[in-house]
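Below is one structure, written out as C-alpha cells, with a few remarks after it.
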Amino acid sequence: MTLKGSLVQKIGNAIMEVARNKGSTWWYTPHMAAASRAITERIPLVDILLEVRDARIPLSSACELIKHHSPSSRRIIILNKTDLANQIQLKEWLKYFEEQKCLVFGVNSHNKDNIKELLNFLRARVRELPKIGHGDQTITLMLVGIPNVGKSALANSLHQIGRISAAEKGRLKHAIVSPHPGETKNISGLKIASHPSIYVLDTPGVFPAEILDAEVCSNLALTGAIRDCLVGEVDLAEYFLSIFNLSAEYKKWANLSLSGTDDCSELERRQKRQYLTDHTQDFIVNKVRRTLFEAVSSFNGNLRDEEIMSRLIKAEFAVLRDAFNLPPDSDDYVRKVAAKLLNLYRTGRLGHYTLDLAPNNN
C-alpha cells in the first residue's frame, strides 16, 4: 500500500469512529439533526434547489440529504471554489455532470464577474419556471450542502451583486462566513434580484449521521469540511504532501529555486523582519514553494513506496521549519508546520488540486 493509501485509512477510520460515537460534541449534533429536518421540510416549498459542492471534491462533497432528488430544472449543482481546483479536472467534471443531464455551474464566489455570470444563469432558469412573468411574484432558491463548501460566501456575493444590479438602496445583509465548518446555525434569506423578486436561502451545512467511505472522509478533512481536531493537523499535512509529492505542481516553481536571496530595498528588509512569522506574506510563501521544489526535485527514490515517501515527508517537515522561520528549538514545530502548510494549501497558495478525479479519468 502507498503512504497515501495508509493515511486515507488512518484518517478515514478516525472520522468514522467519531461519527459512530453518538455522544460527539461536533459530529451530527442535535443542532445538525434539527437543521437536516428543517431543510428537508423546506425543499418542497422552494422553486429551485442549489446544491453547493466543493470543486476540488465534486463527489465527496455531495449532499446526502438530497441524493434521492433526480436531476431536473429545479435542481442545480454549483461547483464552488473553482479557483482552488485543477482547471483541467474542473472542465472534465462540468462535462461529466452535463452528460448526466444535470444542470451545473462552476463558480468562484469571490470573483464579481463570475458571480454576475451565475446571477444571469439563475435568472434564465427562473424564467423557465412555469407561471413566471408577473412582477410581484417571489421566487425562492435554497442553497444546500455539507459544511464549509462556501454557501454563505456565495449567498453574500449574490446578494451584493444582485442588489447593485437592481440599483436597490438600503442596508446589505450578510450571512456569517467562516473558514471553519459549522458556523451557519439558521436558515436565512437574502434578496438577489427584482422583477421578479428572487431570494436565496442560506442553510447550515449538514452531514449524514455516518460516512462509510474512508477516502471521502479524508478528502472532506483535507479540504476543511471537517474540523482538524477530529483528525489532527499533522496527519492531514502528511496526506497533503503525499498528494503534492506525486503531482507536477512543484515543477511550476523551478525558477524560484534559482533566484537565491532576493534583492530588496532596506524598507523591504524591515518589512520582512516585521512579518517574519506571518506565513501568508508573499516572501514566505515563495520561500516555502522554493523549499518544497528543492526537496522533491533533489530526492531520489520510488515515491510509490510507503517507506520512501515517509522519508521524503519527514525531510520536508524539517526544511519547512526554516522556511516558516520557526526557531530551531521551537516546541511542537511539527504541528506548527502542519497548521501553516494546511492553511496555504486551502487558500490555493501551493497549487491547484482536484482530489476526486472525473469518472472517465479513473
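The structure presented is a predicted model; accordingly, all values stated were derived computationally and were not measured. Computed from heavy atoms alone, side chains included, the values below leave out hydrogens, waters and symmetry copies.
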Looking just at side-chain N and O atoms, do [X] and [Y] make a donor-acceptor pair shorter than 3.5 Å?
X: Ser6; Y: Glu306; result: yes
X: Asp47; Y: Tyr199; result: no
X: Arg289; Y: Asn286; result: yes

Six-ring centre of Phe121, Arg125 cation under 6.0 angstrom, axis tolerance 45° = yes
>> Is any side-chain heavy atom of Arg75 closer than 4.5 Å to one of Leu50?
In response: no
Does [X] have more than 12 heavy atoms from other residues, nucleotides or ligands lying within 6.0 Å of its [atom1]?
X: Lys252; atom1: NZ; value: yes
X: Glu307; atom1: CD; value: no
X: Arg42; atom1: CZ; value: no
X: Lys10; atom1: NZ; value: no

I'd like to know if the side chain of Glu233 and the backbone of Val334 have a donor-acceptor N/O pair within less than 3.5 Å.
no
So Phe293 and Tyr250, would you call those rings parallel, tilted or perpendicular, with 30° and 60° as cut-offs?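 Taking Tyr250 first and then Phe293, their aromatic rings sit tilted (interplane angle of 30° to 60°).
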Practice prompt. Determine, using ring centers only, whether Tyr96 and Trp93 are less than 6.0 Å apart.
Written response: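 Between Tyr96 and Trp93, which both carry aromatic rings, the centre distance is below 6.0 Å.
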Determine whether the aromatic ring centres of residues Tyr353 and Phe240 are separated by less than 6.0 angstrom.
yes
Query raised in the report: Are any of the side-chain nitrogens in Asp278 or Lys340 under 4.0 Å away from the carboxylate oxygens of its partner?
Result: no
### Query
Is Arg53 paired with Glu51 through a side-chain N to carboxylate O contact shorter than 4.0 Å?
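Between Arg53 and Glu51 there is a salt bridge, with a charged N closer than 4.0 Å to a carboxylate O.
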